[in-house]
Amino acid sequence: MKEIFKNGASLFLKTIVINIMCFFIVISFSVLSTAAFTKNIGYTAYGTTSTQSEQTELYTYYYDDGDDTKKAEYEEEGYTVSTSPIRSEISSAGTAVFLTVSQIFCILILIAFIYPNIWHLGTNDSNLVRFKHKPEDKFKGVKIGAIAVIPSYLFLIFIVIAKFGVMPKFPMVLYKFLNASFYSLIDVILSGTVTVGELSVWRLAILFIFPLTVPAVAGVAYLLGYKNFSIGEKLVYKKK
């Protein structure tokens, strides 16, 4: 049992690294999606004068409004006008692409971080069990994964407590970013929910499912390692 707790703690630390990496992936794909699926629809004009170096917001202009006549008027009054572009809202197709692609990348990272070490642990245990040096435990990977997600479920318990009166204004965006490896899935489930107090019970219940991915991946990795079954070898080498 000591070995399971040790490996579980190590896997928990890896999940922290995974979430940090996924956080930057989500941010990166968000920027790329915004650039690809939005367009300039106008700008906000700012002005400075010879007596006032600090920029002042002058007006907002949209291309659909026709020609911008205000800019010339402000310049005649002695303003130096600069503009900051306003972009349109990201399209539904752009949002779908962003959420899908970023989630695929995050799941692949999660698997890549969990699978190899647990697979090798299963292989080593297989040899030890064969020579009677260790008892068989085919659920060892699942147990390691379960230990690793205990903090995740403690956080979810806090979310439940917060919802029912302790902290109903807790921002769910914070929960999304702290669990960035499932950012897109959580975003779909939240469906625009801002605070935990606004979150319906059935949506909250679904959030308890996502952390199970870790023990599921660890369980499969351990069993395949225990059986000395290498997916990589099956993909690379054709059976003769």
Side-chain angles (χ1 to χ4, degrees), residues 1-2 4-31 33-34 89-92 94-111 113-114 118 139-221:
M1 198 65 183
K2 183 178 179 181
I4 291 175
F5 274 101
K6 180 180 178 181
N7 284 290
S10 176
L11 184 53
F12 165 67
L13 294 177
K14 285 184 179 181
T15 62
I16 294 176
V17 176
I18 291 168
N19 281 316
I20 292 173
M21 293 180 66
C22 288
F23 170 80
F24 287 107
I25 284 175
V26 168
I27 296 298
S28 299
F29 277 110
S30 176
V31 172
S33 299
T34 299
E89 294 289 331
I90 188 169
S91 65
S92 56
T95 300
V97 169
F98 157 60
L99 293 176
T100 301
V101 174
S102 60
Q103 189 59 68
I104 289 173
F105 270 79
C106 287
I107 288 296
L108 290 175
I109 288 174
L110 185 143
I111 293 173
F113 267 73
I114 295 174
I118 303 297
F139 292 100
K140 191 172 184 178
V142 175
K143 293 175 182 178
I144 291 171
I147 295 295
V149 296
I150 287 176
S152 297
Y153 280 106
L154 290 176
F155 192 11
L156 280 168
I157 291 171
F158 162 76
I159 294 293
V160 172
I161 296 172
K163 173 178 173 56
F164 293 104
V166 176
M167 198 183 294
K169 298 296 183 181
F170 181 84
M172 290 307 295
V173 66
L174 180 59
Y175 180 80
K176 282 196 295 185
F177 280 120
L178 290 176
N179 295 272
S181 54
F182 302 106
Y183 178 92
S184 297
L185 294 173
I186 294 172
D187 185 78
V188 171
I189 294 303
L190 294 184
S191 187
T193 301
V194 177
T195 65
V196 68
E198 302 169 4
L199 190 63
S200 62
V201 173
W202 73 268
R203 293 181 190 276
L204 180 57
I206 292 178
L207 295 181
F208 278 78
I209 297 175
F210 299 142
L212 295 177
T213 305
V214 174
V217 173
V220 171

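- The aromatic rings of F170 and F158 sit perpendicular, their planes meeting at an angle over 60°, well past the 30° parallel limit.
- For F113 against M21, the heavy-atom pair with the smallest separation is CZ-SD, 3.4 Å.
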- What do the steps show when you test L178 against N19 for side-chain contact (heavy atoms from CB on, under 4.5 Å), and what is the final call? CA-CA 7 Å; L178 290 176; N19 281 316; over 6 Å; no
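- Atom-to-atom distance recorded for I27:CD1 and Y183:OH is 7.0 Å, nearest 0.5 angstrom.
- Taking a 6.0 Å sphere around CD of E198, one finds it holds more than 12 heavy atoms contributed by other residues, nucleotides or ligands.
- Considering CG of L212 and OG of S152, their distance stands at 10.0 Å, rounded to 0.5 Å.
- Under a 3.5 Å cut-off, the side chain of S33 and the backbone N or O of S30 do not form any donor-acceptor pair.
- Annotation: the span from I109 atom CD1 to I20 atom CD1 amounts to 12.0 Å, rounded to 0.5 Å.
- Within the 4.5 Å cutoff, side-chain heavy atoms of K140 are placed close to those of I4.
- Here the straight-line distance linking atom CD1 of I209 with atom CG of L156 works out to 11.0 Å at 0.5 Å rounding.
- Distance check, rounded to the nearest 0.5 Å: CD1 of I186 to OG of S181 gives 7.0 Å.
- Not less than 6.0 angstrom separates the ring centroid of F98 from the ring centroid of F29.
- For the pair S102 (side chain) and L99 (backbone), a donor-acceptor distance under 3.5 Å is present.
- K163 is listed as a side-chain neighbour of V201, based on a closest heavy-atom distance under 4.5 Å.
- Expressed to the nearest 0.5 Å, how far CG of L204 lies from OG1 of T193 amounts to 10.5 Å.
- For T95 (side chain) and S91 (main-chain N/O), a donor-acceptor pair under 3.5 Å exists by modelled atom type.
- Heavy-atom minimum distance, L11 versus G145: CD2-CA, 3.9 Å.
- Annotation: side chain of L199 is in contact with side chain of L207 (closest heavy-atom distance under 4.5 Å).
- Taking every heavy atom of both residues into account, I25 and C106 meet most closely at CG2-SG, 4.3 Å.
- Here the side chain of T15 pairs a donor or acceptor atom with the backbone of F12 at under 3.5 angstrom.
- Aromatic ring centres of Y175 and F155: separated by under 6.0 Å.
- The one candidate from V160, I161, V196 that meets the side-chain contact (heavy atoms from CB on, under 4.5 Å) condition with V166 is I161.
- Around CZ of F5, the count of heavy atoms belonging to other residues, nucleotides or ligands within 6.0 Å does not exceed 12.
- Within the 3.5 Å criterion, the main-chain N or O of D187 finds no donor-acceptor partner in the side chain of K176.
- Heavy atoms from other residues, nucleotides or ligands lying under 6.0 Å from OH of Y153 number more than 12.
- In the displayed structure, F105 atom CZ is contacted under 6.0 Å by at most 12 heavy atoms of other residues, nucleotides or ligands.
- Of all heavy-atom pairs spanning A148 and V214, the tightest one is CB-CG1, 4.3 Å.
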